[in-house]
Amino acid sequence: MENSDLARFFTEIADLLEIKGADNFRIRSYRNAALSIEGHPESLRGLFESGGEKALTGIHGIGESIRAKVIEAITTGSCGYLEELKKELPAGVLDLLRVSGVGPKKAGLFFKELGIKGIDDLEAAAMAGLLKTLHGMGPVTEARILKSIQTIRTSTGKFKLSVAMQYADAFVTYLKRVPGVERVEPVGSLRRWKETVGDIDLLVISDDHLPVTSAFVAHPDVREVLAKGETRSSVILKTGLQVDIRVMEEKNFGAAFIYFTGSKAHNVELRERARRMGLKVNEYGVFDSDEKLVAGASEEDLYRALGLPLIIPELREGRGEIEAAVAGRLPRVVETSDIKGDLHVHTNESDGGDSLSEMAEAAIKLGYEYIAVTDHSKAVGVAHGLDEKRVVAQICAIEAYNERLKRRGVGFTVLKGAEVDIRADGTLDHPDSVLERLDCIVAAVHSGFQMKRDVMTGRIVKALETGRVNILAHPTGRLINERDGYEVDIEAVMEAAKKTGTALELNSYPDRLDLNDIHCLMAREKGILVAISTDAHSVSHYGNIRFGIHTAARGWLERKDVLNARPIKKLMEILKKG
DNA sequence: GCCGTTTTCGGCCCGACTGTTTTCAGTCG
């Protein structure tokens, strides 16, 4: 029962209440609670187990009633109130909300009038022409629902950030060529660097919306036009990805930029704050009680009008950033220029594509001070992992290479490292005699993903307790949109990392981003160093560091929290573990 | 159901688009 599970509980309660037609403010409370819990940096289960009910007070959006339900869910694994609601409305009714154009009101109507209990029922009813007989429904809506069901059946769901960015870039270029367009900016979760995005949002600045809208819906990749209005249009591409544009004028740019960047939770908090100050915020600007425009041209203006400093997009998730801004406690998050090197790099000795010198030269060009060459160990056979003999040979090659750099007068160091496999029993895949000769030991799980949670946790903790490991790589093993991470008690792993002076990796590979943003928040709270690494398998992968850096920013990490933001001397001290 | 620079009670974020309506409810972001 982790935070994400609890959040899902309350979202389900809110959805069910909405279908039932309950009080809107009560529904909102459950949604707020879900948002608050999902973004909470500490595990509520962990808090409760160590500090009891008292440890759960003071969390925004969680009052007496919801706190009781949280505790019930933590201790029993279920929630009586949710079960009661589910008795009234079958679980499949919730699925109806996934159909675009179907909200709680229609879902409730369909269930009540036609006994529709799921998407299959809905499809059958639409095909039979039953939906259009209901009040407020017509043939257009019925056809649209059928189409949405098709979309759901064929869609792949959320897109990885790196993939969505490519589509977004193409649209930005396309729209910039439309006459009258002054600028085009990706907004939404893309601008916040969320690891997956459901759709692409673009803000277009132009005084004339007509040519923009016409060009947009006429794009050759468009499969379907969902909406086409004066300021907002929406399409679905042949790939299944949805793209929304908002056309605004320059004078509203700042307000629109903030509004469409979101997140929704952040916007709601901004508007609530404005209300308390006697102001109103919408996508056009900040207005006083006489409806007079107070600010709106730039993001800085708008935040300033609300008595706040600029909050960067990565922090706009409704995770306490506004409170922090008021208190002057906003983090100065880690930036590209802070990164001094890369501590997880492969060469063609294992499964990389480029040689030691090629990887090093490319890193020098990036302005780095160091890289750690961390090829796989022998257990990872598919990756042509190195045995002891080959590691020793590589150590010699690196020493010789460093000598050559020194003679050339280049201030750059290749660290002798390894990505050592953590075997099923928690032992490391290189003998101590080899490990002793390495500067940077990165350890990782590469097999046995199906282990039970406590076994996996014990396996990793045992590896860390050898005292040999400098960095635990891709700590959860997840691959975005492909496989969940292995079952592991990440808090216990973090405690072990803290105790043994081990850093945790934020693997920047766009398929991994592991640690994720929430885990970064947890690491920050616990005072554990994070290594933002690329796991580069060729020189072209170094660029992926940006995904890691922005994910770290989403996790509020500052320069001081990042191991490879340390210059070489300081880094070596830490790697030697005191 | 939550919360407090307007409040322990009485409020609770804002606007665009669509389809089915004769003035607006529902959905979406």
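Each chain gets a letter, A, B and so on, in the order the sequences are listed, and its residues count up from 1. Model, not experiment: these values are computed from the prediction. These numbers come from the heavy atoms of this one structure, side chains and all, not from hydrogens, waters or symmetry mates.
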Take A:Phe257 and A:Met248 through the side chain to side chain contact (heavy atoms under 4.5 Å, CB included) test and state the conclusion after the steps. CA-CA 10 Å; A:Phe257 211 21; A:Met248 303 288 279; over 6 Å; no

Look at the aromatic rings of A:Tyr30 and A:Phe10 and report parallel, tilted or perpendicular, splitting at 30° and 60°.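 Parallel: the ring planes of A:Tyr30 and A:Phe10 meet at under 30°.
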
Measure up the A:Phe216 and A:Phe171 rings against each other and bin them: parallel (under 30°), tilted (30 to 60°), perpendicular (over 60°).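 Perpendicular.
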
Given [options], which nucleotide is nearest the side-chain atoms of [X]?
{"X": "A:Val140", "options": "B:dT20, B:dC2, B:dG15", "value": "B:dT20"}
{"X": "A:Arg26", "options": "B:dC12, B:dG1, B:dC14", "value": "B:dG1"}
{"X": "A:Arg246", "options": "B:dC2, B:dA16, B:dT27", "value": "B:dA16"}
{"X": "A:Lys264", "options": "B:dA16, B:dG1, B:dG29", "value": "B:dG29"}
{"X": "A:Glu283", "options": "B:dT27, B:dT20, B:dG15", "value": "B:dG15"}
{"X": "A:Lys106", "options": "B:dC14, B:dA16, B:dT27", "value": "B:dT27"}
{"X": "A:Lys105", "options": "B:dC2, B:dG26, B:dA16", "value": "B:dG26"}
{"X": "A:Lys228", "options": "B:dG29, B:dG26, B:dT18", "value": "B:dT18"}

Just to be sure I understand the rule, does [X] reach a base, reach only the sugar-phosphate, or reach nothing, if contact means heavy atoms closer than 4.0 Å?
{"X": "A:Ser100", "value": "sugar-phosphate"}
{"X": "A:Phe260", "value": "nothing"}
{"X": "A:Asn24", "value": "nothing"}
{"X": "A:Arg28", "value": "base"}
{"X": "A:Ile62", "value": "sugar-phosphate"}
{"X": "A:Glu269", "value": "nothing"}

Can you tell me how far [atom1] in [N] sits from the matching atom in [M], rounded to whole Å?
{"N": "B:dC28", "M": "B:dT22", "atom1": "C1'", "value": "24 Å"}
{"N": "B:dG10", "M": "B:dA16", "atom1": "C1'", "value": "30 Å"}
{"N": "B:dT5", "M": "B:dG11", "atom1": "C1'", "value": "16 Å"}
{"N": "B:dC14", "M": "B:dT20", "atom1": "C1'", "value": "24 Å"}
{"N": "B:dT27", "M": "B:dT21", "atom1": "C1'", "value": "16 Å"}
{"N": "B:dC12", "M": "B:dT6", "atom1": "C1'", "value": "13 Å"}

Can you tell me if the side-chain N/O atoms of A:Thr141 get under 4.0 Å from OP1 or OP2 in B:dT20?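 So the side chain of A:Thr141 is within the cut-off, an N or O lying under 4.0 Å from OP1 or OP2 of B:dT20.
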
Within less than 4.0 Å of OP1 or OP2 of B:dC17, is there a side-chain N or O belonging to A:Thr231?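 A:Thr231 to B:dC17 OP1/OP2: side-chain N or O found under 4.0 Å.
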
Note: [X]-[Y] ion pair, threshold 4.0 Å (strictly below):
{"X": "A:Glu12", "Y": "A:Lys86", "answer": "yes"}
{"X": "A:Arg45", "Y": "A:Asp5", "answer": "no"}
{"X": "A:Arg453", "Y": "A:Glu2", "answer": "yes"}

Take atom [atom1] of [X] and atom [atom2] of [N], then tell me their distance rounded to the nearest Å.
{"X": "A:Leu96", "N": "B:dG26", "atom1": "CG", "atom2": "P", "answer": "16 Å"}
{"X": "A:Tyr30", "N": "B:dC3", "atom1": "OH", "atom2": "P", "answer": "13 Å"}
{"X": "A:Leu35", "N": "B:dG29", "atom1": "CG", "atom2": "P", "answer": "15 Å"}
{"X": "A:Asn282", "N": "B:dA16", "atom1": "CG", "atom2": "P", "answer": "8 Å"}
{"X": "A:Phe25", "N": "B:dG10", "atom1": "CZ", "atom2": "C1'", "answer": "10 Å"}

Assess the side chains of A:Asp517 and A:Thr551: does a donor N or O sit below 3.5 Å from an acceptor N or O?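 Side-chain D/A pair, A:Asp517 to A:Thr551: absent.
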
Taking N and O atoms by type only, does the side chain of A:Tyr259 place a donor or acceptor under 3.5 Å from a partner on the base of B:dG29?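 Result: at least one qualifying N/O pair found.
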
Closest-nucleotide ordering on DNA chain B, the 5'-leading residue of A:Pro139 and A:Ser233: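 Looking at the nearest nucleotide for each, A:Ser233 comes out on the 5' side.
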
Nearest-nucleotide 5' precedence on DNA chain B, A:Tyr284 against A:Met137: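 Nearest nucleotide further toward 5': that of A:Tyr284.
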
Considering all heavy atoms of both residues, which atom of A:Glu323 and which atom of A:Arg329 are nearest to each other, and what is their separation?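 Between these two residues, the closest heavy atoms are O-NH2, 4.4 Å.
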
Complementary nucleotide of B:dG15, counting Watson-Crick and G-U pairs under 3.5 Å: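 Looking at the geometry, B:dG15 pairs with B:dC28.
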
As a test of understanding, state which of A:His40, A:Glu38, A:Arg319 forms a side chain to side chain contact (heavy atoms under 4.5 Å, CB included) with A:Ile518.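 Testing A:Ile518 for a side chain to side chain contact (heavy atoms under 4.5 Å, CB included) against A:His40, A:Glu38, A:Arg319 leaves exactly one candidate, A:Arg319.
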
Would you tabulate the pairs of protein nitrogen or oxygen atoms and nucleotide nitrogen or oxygen atoms of nucleotides 4-8 of chain B closer than 3.5 angstrom?
residue : atom : partner  : partner atom : Å
B:dT6   : OP1  : A:Arg276 : O            : 3.0

